[in-house]
Amino acid sequence: MSLILFAFVVRVRDGLPLSASTDFEHNRELQERKQQLRTLSKTLALFPDRAAVKGRELNIYFVSSEGVSYMTVCHCSLPVAKAFCFLEDLRWEFTACYNHAVVALAARPYPFLEFDGSIQKLKQQYNQSGGPTLEVTLAEVQEDLRTRPLQILTLEDLQLTNGTANGHMEQVPGCGQNVKLEPVTPPGILSLVLNIMCASLNIIRGVHLIEYTFQDDYEGVWNVVAFLLAFVCCVLQCHLYLFHSSLKKLKSFTLLSAIVLCNIYLLGLRNVWQLIFHISVASLSTFLILNRKLQDRCNDCGV
């Protein structure tokens, strides 16, 4: 069984793919890890120069040096030190073939596909013998991992960092890649329309109450606050659905809770059916916000 399944070389500053190993295995988890690896490659500048992403049976490891990152997908049974020996060997091979100037001038994806031959040879060496081939020794890597413990990233780290860097969508110059949210669905359009309707009702009632609040010596000022707060929450729910944001789950439930509390407080000014309508719209919006995922479209040139 192969322990090193896939290797990927990218430019750190913009995530431009430089070379990758040819795919010979097509199991589902490997495809998922490759997708995550490509997502990670777009925000490498925000991560440490060495880290890992743990999976069920397959892990991602990467090391960045001199503006280039060397990444691999390995079986979880492969020792961490050996995975980084492989990456160090890969770095030695790549830097021996391509200098910094050539890498910096690369303008299209996978300009060094011919390096795949070197990657395959290195993978075969490790999968058959399980040991380093060049100047890197297992003892050196183990010592380095002891002195500088490996940072373990989670899938949530990848999503949040990618969202921070991308906002709604990121276009990576020169590599034909972009990451954006999934298309807006018909239920999503419905929730936006209903949310705008709820926001309009809240702001109209709130502004209308302001006049009576001043006339009645500020009685009912909290009703005005509840209407205006509900209006703001409805607008923010629309924004959260349309644009990617970090801490999406926390923000979604906070907005839903605020809308529910505001409407319960306004029960005297709204009947039960109006209350159910506003809370139902907020609940639908929350559900759709949490289920609208990032869509990663990546031109991998058949690699």
Side-chain angles (χ1 to χ4, degrees), residues 39 43 46 153-170 178-296:
T39 299
T43 53
L46 303 176
L153 306 177
T154 65
L155 299 183
E156 186 178 10
D157 290 330
L158 302 189
Q159 291 180 340
L160 295 184
T161 308
N162 193 48
T164 300
N166 294 330
H168 176 57
M169 182 174 75
E170 176 189 43
N178 57 53
V179 178
K180 62 181 180 179
L181 291 168
E182 292 176 344
V184 175
T185 60
I189 295 173
L190 175 63
S191 75
L192 290 171
V193 172
L194 293 175
N195 240 328
I196 292 171
M197 183 187 301
C198 291
S200 301
L201 291 172
N202 286 323
I203 192 65
I204 291 170
R205 292 291 302 274
V207 171
H208 183 68
L209 274 179
I210 289 176
E211 179 183 352
Y212 293 98
T213 299
F214 286 119
Q215 290 177 353
D216 297 339
D217 194 24
Y218 300 99
E219 290 183 8
V221 66
W222 291 110
N223 292 330
V224 174
V225 171
F227 276 119
L228 296 181
L229 180 58
F231 161 75
V232 171
C233 290
C234 289
V235 173
L236 291 176
Q237 276 198 322
C238 291
H239 182 274
L240 206 55
Y241 178 75
L242 290 172
F243 300 97
H244 183 68
S245 174
S246 60
L247 303 177
K248 183 169 65 173
K249 183 178 291 186
L250 176 62
K251 292 176 181 177
S252 299
F253 284 116
T254 299
L255 292 175
L256 176 61
S257 301
I259 291 173
V260 170
L261 291 174
C262 287
N263 279 279
I264 291 175
Y265 184 82
L266 295 169
L267 183 58
L269 297 176
R270 281 179 169 159
N271 60 42
V272 174
W273 294 110
Q274 291 173 325
L275 189 73
I276 292 174
F277 172 73
H278 282 268
I279 293 177
S280 297
V281 171
S283 300
L284 173 63
S285 296
T286 301
F287 173 78
L288 293 173
I289 288 168
L290 295 177
N291 283 277
R292 191 176 182 212
K293 307 298 183 182
L294 284 174
Q295 178 180 349
D296 192 355

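As a basis for the values below, the full set of heavy atoms in this structure was taken, side chains included, without hydrogen atoms, waters or symmetry mates.
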Output the distance between atom CG (L192) and atom CD1 (I196), rounded to the nearest 0.5 Å. 6.0 Å

Nearest heavy atoms of C234 and C198, plus distance in Å: SG-CB, 3.9 Å

Correct closest heavy-atom pair for Y241 and G188 would be OH-CA, 3.3 Å

Please test L201 against Q274 for side-chain contact (heavy atoms from CB on, under 4.5 Å), starting from the C-alpha separation and ending with a verdict. CA-CA 11 Å; L201 291 172; Q274 291 173 325; over 6 Å; no

Could you tell me which non-hydrogen atom of S200 sits nearest to which non-hydrogen atom of I203, and how far apart they are? O-CG2, 3.2 Å

Exercise: identify the closest heavy-atom pair between P187 and L288: O-CD1, 3.4 Å

side-chain contact (heavy atoms from CB on, under 4.5 Å) evaluation trace for V224 with V207: CA-CA 8 Å; V224 174; V207 171; over 6 Å; no

side-chain contact (heavy atoms from CB on, under 4.5 Å), that's the test. Do L269 and L209 meet it? Break it down for me. CA-CA 11 Å; L269 297 176; L209 274 179; 3.9 Å; yes

Given L194 and F277, is the side-chain contact (heavy atoms from CB on, under 4.5 Å) satisfied, shown in steps? CA-CA 10 Å; L194 293 175; F277 172 73; 4.2 Å; yes

About how many Å separate CG of L190 and OG1 of T185, when rounded to the nearest 0.5 Å? 9.5 Å

If I compare all heavy atoms of G206 with all of F227, which pair ends up nearest, and what's the gap? CA-CB, 3.7 Å

Can I get a per-line list of side-chain donor-acceptor pairs under 3.5 Å for residues 252-261, giving both atom names and the distance, sequence neighbours left out?
residue : atom : partner : partner atom : Å
S252    : OG   : K248    : O            : 2.7
T254    : OG1  : L250    : O            : 2.7
S257    : OG   : F253    : O            : 2.8

Could you measure the distance from the SG atom of C262 to the CH2 atom of W222? Nearest 0.5 Å is fine. 11.0 Å

Across all chains, not counting sequence neighbours, the side-chain hydrogen bond (donor to acceptor under 3.5 Å, both in side chains) partners of R270 are N202, N263, H278

Smallest heavy-atom separation, Q237 atom then S285 atom, equals OE1-CB, 3.5 Å

